[in-house]
Each structure stands twice: as structure tokens, then as C-alpha cells.
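All values below were derived from every heavy atom in this structure, side-chain atoms included, with hydrogens, water molecules and symmetry-related copies excluded. Keep in mind the model is a prediction, meaning the values are calculated, not measured.
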Amino acid sequence: MTIVEAYKFIEESNKYGSVLGLSSMKTLLARLGNPQEQLKFVHVAGTNGKGTTAAYISAVLAAAGYYVGRYISPAVLNKREIIQISYKYEASHIISNENGQKRDTEPVKHSSILTKYISEEDITCYVEQIQKACVSITAEGLPHPTVFEIETAMSFLYFLDSKCQIVVLEVGLGGRLDATNVINTVECAVLTSISMDHMHILGNTLEQIAREKAGIIKPGIEVISYDQKPEARKVIEEVCKEMESGVTFADFNNIKIEEQDLKGTIFSYEEWKHLHINLLGENQVKNAVTAILTIKALQRSGYSITEEDIYTGLSNASWRGRFEILKREPLFIVDGAHNEDAAVSLAKNINIYLKNKRIIYIMGVLADKDYNAVLKHTGKYASVILTITPDNSRGLSSSVLAEAANQYCSVVYDCSRVPDAVKMAYNIAGESDVILAFGSLSYLKEVYQVLDVTIK
């Protein structure tokens, strides 16, 4: 099987539809030997911040010397990025004197946190196994696994063969009925910010959505939660009581921001002083705090993680496409704000980092998102809004988005395509202005390509 054939098999699995529940996923994993039962997990659910929080947790664990599997969704820049491993790489060198002679000292050691994606060779290997399992499953008249179920199963196989000591597993959608929720060997469950999104699937109230997210909570495990809105917090407390699981909520009132600019943030939280993160955004500090509390829970479970590991991991964590600077003069920033809660956070970031700047938006969203709510919170900061249609079956027409944007900004252009929008933005922007491309993560890869920014 070639990589093209492997991807074709995965993509064509969409045509079979899906069956509500976890039975299909359990059937597939049983045919593959249930690799998930031999792994340990940190399970992460939530509406916003899952990826960043998982990035912090993974980086700290890697800094502590653990070989860490990480499963994320959706892919933004590379199909292989959804399945990755973080680890610490140590190197040493001999210090020489002015004459090039070796000094009589111990080698100087340097360590860094590296990330590798699953290889194309591994993808083809695992897809061959999964394809055989799917043939036997459908031959018995059972439903064909979905794309997400196939990719999740592939991640379990890869992490097991790679001998990952722990896996930071991100939920795809919801929690209770998500394909990742077949795992039982959970060290800790993490709930990031919960807000209104995917209402057609998860429910029309915050309480209903929170209950779906809290569906990842297993009996007797530790649960770490973002500082939730009261309705979500109440549901989480109820579920934890039912499951006899202890829960710790982050207290964002204890965050003290010391420095915050486009170079990063220095902050303190409870006993941790002068922590540094490179990821930008007011929400990133909150995600970092949620990750710190998760690390504390893992320490209580016996994981060997020092205070230095926490500082090192947080400062080394990276996450593409989240209020990320791609170019300067003018500043070109991309962000994945695609729902109301994320738009509120983006508006705060504009006030923190871009106050009094002239900003040109490039916007593209999916039709099933509340784009009017996104515009309500962000539109007033734009001098110009350029709309595009994401290359996605669910992409909202740029003309429809432009019509909605006209209510919030007096200068709106329907550009349709990303290259045209980027070109127009540069024509409009001066050196001191800002171009901000945001909305659906599904179109950000094209922005990187147009700007010729390296994609790993």
C-alpha cells in the first residue's frame, strides 16, 4: 500500500456514514488486539483550548524525560501532525580553549524538547492492518468504522509500538460518545474551557454540552478543570460525585501577569513564580494553569516531574495557528477563533497586543458556526474585513460572510480565495498595520502556503 492509497482508504470511509455510540470503535479495536489497554492516558476534552493545554502537558512530561504520545484534531498544517510524539533530546559538547584544545572539564550538556510526527511508512503499515480489520467487520454486516475511528485506532497502534510511557489524548467532539472514550487506563481527565459549540450534536444549553464533555470522567480518577462558567461547573461537580472522582478547578483569580507582550508572557500562579510561556493570548495563561494542575495530579499519581521540568516544559511548548505571528512589518497574525467563546478571547488579545493599531481582517468560517456571534465580538476592531470561502465541504460562502460583516465594519470586500485576500491585505496595509487571519482552522494551511511559511 502506498501513502496515497492509505489516505484514499481513510477518506473514502466517510461515505459509510457513522453510527452513534462507541460500539463500532470497540469492535475495531478488538480486531486489532485492543492496543489502548496497554497504554496510559491523560484524556483532554473541552470546547476551546484543548490543543494548547495538551501541548503544555506534553512538553512538561517530555522535559521530565517521558516519551509522550499526543493525539490531536483537527490537522491544521500537516495530515501527519494528528499523531505525534514529544521527547527530550540531550546532547553534549566539549568546551575548547582559545587554541582549540579541549579543556579539562566535563562535557557541557544541553537538552531540548523535540516533536516527531508519525511517518508515512508507519501510516501505510497501520492502515493495512486496519483495512483488513474493516473488511472482516463489514463482512459480518457490522458498520464500517469512520475516519476518526480509523485515525484514533492508528494512534493507539503507533503509540504502543513506539513504547510511549503516557499519551495525552485529545477528544475529537464532545466526550461521552467520542471515539477516544473507549479508554479505561486513564491517569487523569482534563476539561478545558466549555462553551456553546456544535449545538446540533451536543445540546442547546451549556449544561447539556458540559455533560457530554464530562462523559470522559471515569470512576475514581482525578479530574482537572478550567475555571468554568457556573452552569458547566455544577454539571462537572455532579458527574464527579457520581463517579466518586476528585475534581480540582483552576482559580484564575490567583494568576498574576508580570509581563505580557508579543514576545510572550511571564506570570505567577500560587506557589509558581515567574513562569514563562511563548504562546500568545490571554487564554494561553489560563490553559497553562490548567496544565500545571494536571501535572500536579500526575505527580500525586507517582510521576517523577520536578519544578524545573514545569518551567522548561511551559517555556518550550508550541502550538501552531493560535494567535501566531507569521510575518512582521506589517504584522501578520493567524488565529483559530471560530466560535463565540474564542472570539471573546480574540477580542481580549486585540486589546492586549494590538491596541490602537489599524487592523485588516481576513475571515473564513464554517457554515455551522455562529459567525454572527464571532463578528459581534471582533468586528468593531477591524478597519477592513476581507472574506474568503474555506476549502471545506462545510465552508460558509464568502459572500454570505461579507454580508454579515457589513453590519460591523464599513469596509468589507468579498475576496472568495485566500491568495486574493492575502494580496489585497498587503496592498491595503502599511508597515505599522496588522493583518489578522482568523476563523476556521481548515483554511489556515493555505495562508501559510501563500506566505511561504515553513510547514513541518
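Cation-pi geometry between Lys79 and Tyr7 is met: the NZ or CZ atom falls under 6.0 Å from the ring centre, inside 45° of the normal.
Closest approach of Ser245 to Pro219, counting heavy atoms only: OG-C, 3.7 Å. For Lys376 against Tyr408, the heavy-atom pair with the smallest separation is CA-CE2, 3.5 Å. Pairing each heavy atom of Gly69 with each of Ile85, the nearest pair is CA-CG1, 4.3 Å. Listed here is the closest heavy atom pair of Val147 and Ile10: CG2-O, 3.0 Å. Considering all non-hydrogen atoms of both residues, Met154 and Val127 come closest at SD-CG2, 4.0 Å. Between Leu32 and Ala153, the shortest heavy-atom contact is CD1-CB, 3.9 Å.
Glu446 contributes no side-chain N or O that, together with a main-chain N or O of Tyr443, makes up a donor-acceptor pair within less than 3.5 Å. A donor-acceptor contact shorter than 3.5 Å links the side chain of Arg70 to the backbone of Gly51. Under the 3.5 Å distance criterion, the side-chain polar atoms of Asn34 are left unmatched by any main-chain donor or acceptor of Glu37. Judged by distance alone, with hydrogens and angles left aside, the side-chain atoms of Thr52 form no donor-acceptor pair with the main-chain N or O of Gly49 at under 3.5 Å. The backbone N or O of Val68 lies less than 3.5 Å from no partner atom in the side chain of Ser86, so there is not a single donor-acceptor pair. Side-chain N or O atoms of Tyr71 include one that pairs as donor or acceptor with a backbone N or O of Thr152 at under 3.5 Å. When atom types are taken as modelled, the side chain of Asn316 and the backbone of Ile113 share no donor-acceptor pair closer than 3.5 angstrom. For Lys116 (side chain) and Leu114 (main-chain N/O), no donor-acceptor pair under 3.5 Å exists by modelled atom type. Here the side chain of Asn351 pairs no donor or acceptor atom with the backbone of Tyr353 at under 3.5 angstrom. Checked by atom type and distance alone, the side chain of Arg80 pairs as donor or acceptor with a backbone atom of Ile118 at under 3.5 Å.
The environment of CG in Asp452 is sparse: at most 12 heavy-atom neighbours from other residues, nucleotides or ligands sit within 6.0 Å. Under a cut-off of 6.0 angstrom, the local environment of NZ in Lys218 is crowded, with over 12 non-hydrogen atoms contributed by other residues, nucleotides or ligands. Heavy-atom contacts from other residues, nucleotides or ligands closer than 6.0 Å to CG of Asp391 number 12 or fewer. Annotation: Phe9, atom CZ; neighbour count of heavy atoms from other residues, nucleotides and ligands within 6.0 Å is above 12.
A salt bridge does not link Asp420 to Lys423: none of the charged nitrogens lies less than 4.0 Å from a carboxylate oxygen. Under a 4.0 Å N-O distance rule, the pair Arg31/Glu140 qualifies as a salt bridge. Ion pairing between a basic and an acidic side chain is recognised when a charged N comes within 4.0 Å of a carboxylate O; Glu237 and Arg233 show such pairing. Contact check on Glu324 versus Arg320 returns a salt bridge, with a Lys/Arg side-chain nitrogen under 4.0 Å from an Asp/Glu carboxylate oxygen. Salt-bridge check for Asp341 with Lys229: passed, with a basic side-chain N closer than 4.0 Å to an acidic carboxylate O.
A heavy-atom distance below 4.5 Å is not found between the side chains of Thr124 and Asp122. Using a 4.5 Å heavy-atom cutoff, the side chains of Ile428 and Arg358 are in contact. The shortest side-chain heavy-atom distance between Leu169 and Val44 does not fall under the 4.5 Å cut-off. Within the 4.5 Å cutoff, no side-chain heavy atoms of Gln36 are placed close to those of Thr185. Ile82 has its side chain out of reach of Ser155: every pair of non-hydrogen atoms, C-beta onward, lies at least 4.5 Å apart. Residues Arg176 and Ile216 have side chains not in contact (no heavy-atom distance under 4.5 Å, counting atoms from C-beta outward). Inter-residue side-chain proximity for Leu206 and Lys234 is flagged as unmet; no heavy-atom pair is nearer than 4.5 Å. Inter-residue side-chain proximity for Leu61 and Ile295 is flagged as met; some heavy-atom pair is nearer than 4.5 Å.
Side-chain atoms of Thr146 and Tyr16 form no donor-acceptor pair, as typed in the model, at a separation below 3.5 Å. A side-chain donor-acceptor contact under 3.5 Å links Ser225 and Gln228. Side-chain contact annotation: Asn48 with Ser193, donor-acceptor N/O pair under 3.5 Å absent. In this model, no donor atom of one side chain and acceptor atom of the other lie less than 3.5 Å apart for Tyr269 and Asp251. There is a side-chain donor-acceptor pair under 3.5 Å between Ser345 and Glu282. For Thr265 and His276, the side-chain atoms include no donor-acceptor pair closer than 3.5 Å. Of the N and O atoms on the side chains of Asn14 and Glu12, not one donor lies less than 3.5 Å from an acceptor on the other residue. Defined by atom type and a distance below 3.5 Å, a donor-acceptor pair is present between the side-chain atoms of Gln284 and Asn287. Side chains of Thr389 and Ser398: a donor on one and an acceptor on the other come within 3.5 Å.
Atom CG of Leu191 and atom CD1 of Ile224 lie 9.5 Å apart (nearest 0.5 Å). The distance from atom CG of Leu451 to atom CD1 of Ile435, rounded to the nearest 0.5 Å, is 8.0 Å. Atom CG in Asp178 sits 6.0 Å away from atom NE2 in His43 (nearest 0.5 Å). Summarising the geometry, atom CD1 belonging to Ile83 is positioned 10.5 Å from atom OG belonging to Ser119; distances are rounded to the nearest 0.5 Å. Note that CG of Asn283 is 5.5 Å distant from CG of Asn349, once rounded to the nearest 0.5 Å. To the nearest 0.5 Å, the span separating CD on Glu403 from CG on Asp414 amounts to 10.5 Å.
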Original post:
Between Phe249 and Tyr226, is a ring-ring contact (aromatic ring centres under 6.0 Å, His included) present by the stated rule, with each step listed?
Top reply: CA-CA 6 Å; Phe249 288 92; Tyr226 193 89; over 10 Å; no
Subject >> Verdict with supporting geometry, Ile209 and Met196, side-chain contact (heavy atoms from CB on, under 4.5 Å) >> reply: CA-CA 7 Å; Ile209 292 172; Met196 303 299 288; 3.8 Å; yes
**OP:** Given side-chain contact (heavy atoms from CB on, under 4.5 Å), test Val42 with Val190 step by step and report yes or no.
**Re:** CA-CA 7 Å; Val42 174; Val190 183; 3.7 Å; yes
Original post:
Given Phe332 and Tyr448, is the ring-ring contact (aromatic ring centres under 6.0 Å, His included) satisfied, shown in steps?
Top reply: CA-CA 11 Å; Phe332 198 119; Tyr448 285 79; 9.3 Å; no
Subject >> Derivation of the side-chain contact (heavy atoms from CB on, under 4.5 Å) call for Val374 and Lys369 >> reply: CA-CA 9 Å; Val374 173; Lys369 300 299 178 182; 6.0 Å; no
**OP:** Go through the steps for Ile362 and Leu436 under the test side-chain contact (heavy atoms from CB on, under 4.5 Å), then give the verdict.
**Re:** CA-CA 6 Å; Ile362 298 175; Leu436 176 58; over 6 Å; no
